[in-house]
Amino acid sequence: MYVLGVAGYSGSGKTTLLEKLIPLLCAAGVDVAVIKHTHHDVDWDQPGKDSWRHREAGAAQVLLAGARRRLLVQTMPQGNDAPLAEHVAALRPCDLVLAEGFKHEAIAKLEVYDPALGHAPLFVQDPAVLAVVTDAAQPDLPPTALPRFGRDDVEAIARFILALLEKHQDAHR
């Protein structure tokens, strides 16, 4: 599986970009998985439902299996922020894992940059950034030889990702 990060600060447009890219990648025949990092506690269970009751009774893992989907709720140790590799290992095999967030992981990544947020671009300090997605005219963006894409140029970004994926697959044949 090829793991590609989509990194940037909160509010930079990572989810919006992925929402546009995923259908293009799937249409190209790519089996895509997404891992979304959050600093917030999440709970997809509903209080009172059977799966919630199982978890409340002490089960560390509860898998809700339906006809078309399954949800696995795992209780992690307090304060645990597992590395990306642990989350990737939990996925079934696929072609491409898009890891949203995880900006400090040492993985290949696209940076979604919005100067209005007031942060320096990640690519200045992170050699794992392969390309920058930002607004078309950014005169204050530090000079870089990295490929640069406009936020709405999703077809070109998809082609870039497909080329990365092909290179990865060729290297692992």
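Since the structure is predicted, the reported quantities are computational estimates derived from the model, not experimental observations.
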Quick one: [atom1] on [X] to [atom2] on [Y], what's the gap to the nearest 0.5 Å?
X    : Y    : atom1 : atom2 : result
I161 : L21  : CD1   : CG    : 4.5 Å
E111 : L130 : CD    : CG    : 11.5 Å
T134 : F149 : OG1   : CZ    : 12.5 Å
R55  : Q61  : CZ    : CD    : 12.5 Å

Transitive ILVMFWY side-chain link [X] to [Y], under 4.5 Å:
X   : Y    : value
M1  : F102 : yes
V34 : L96  : yes
L24 : V133 : yes
Y2  : L18  : yes

Side-chain donor/acceptor pairs under 3.5 Å, residues 118-126, sequence neighbours excluded:
{"residue": "D126", "atom": "OD1", "partner": "A128", "partner atom": "N", "Å": "2.8"}
{"residue": "D126", "atom": "OD2", "partner": "K109", "partner atom": "NZ", "Å": "2.6"}

Ignoring hydrogens, what is the shortest heavy-atom contact between [X] and [Y]? Give both atom names and the distance.
X    : Y    : answer
L91  : A33  : CD1-CB, 3.9 Å
I107 : A99  : CD1-CB, 4.3 Å
T15  : E100 : OG1-OE2, 2.5 Å
D114 : A116 : OD1-N, 2.9 Å

| task | Please test L98 against V3 for side chain to side chain contact (heavy atoms under 4.5 Å, CB included), starting from the C-alpha separation and ending with a verdict. | result | CA-CA 6 Å; L98 295 170; V3 179; over 6 Å; no

**Request:** Name all pairs fulfilling the salt bridge (Lys or Arg N to Asp or Glu O under 4.0 Å) condition that reach into residues 87-98, sequence neighbours left out, sorted by first residue then second.
**Result:**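 Pairs touching residues 87-98 that pass the test: D31-R92.
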
Residues pairing under salt bridge (Lys or Arg N to Asp or Glu O under 4.0 Å) where one sits in residues 18-29, two or more places apart or in two chains, turn out to be K20-D152

#### Entry: L84 backbone acceptor or donor facing E105 side chain under 3.5 Å
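Between the backbone of L84 and the side chain of E105 there is a qualifying donor-acceptor contact (under 3.5 Å).
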
Main-chain N/O of Y113 paired to R151 side chain as donor or acceptor, under 3.5 Å: yes

- Could you tell me which residues satisfy salt bridge (Lys or Arg N to Asp or Glu O under 4.0 Å) with K49, sequence neighbours excluded, listed by chain and number?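 Partners of K49 under the salt bridge (Lys or Arg N to Asp or Glu O under 4.0 Å) test: none.
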
Side-chain donor/acceptor pairs under 3.5 Å, residues 4-13, sequence neighbours excluded:
{"residue": "S12", "atom": "OG", "partner": "Y9", "partner atom": "O", "Å": "2.8"}
{"residue": "S12", "atom": "OG", "partner": "V112", "partner atom": "O", "Å": "3.4"}

Item to complete: Determine, stepwise, if the pair V32 / V97 fulfils side chain to side chain contact (heavy atoms under 4.5 Å, CB included).
Response: CA-CA 6 Å; V32 178; V97 177; over 6 Å; no

May I have the list of side-chain donor-acceptor pairs in residues 164-172 shorter than 3.5 Å, sequence neighbours left out?
{"residue": "H168", "atom": "ND1", "partner": "H172", "partner atom": "ND1", "Å": "3.4"}
{"residue": "H172", "atom": "ND1", "partner": "H168", "partner atom": "O", "Å": "2.8"}

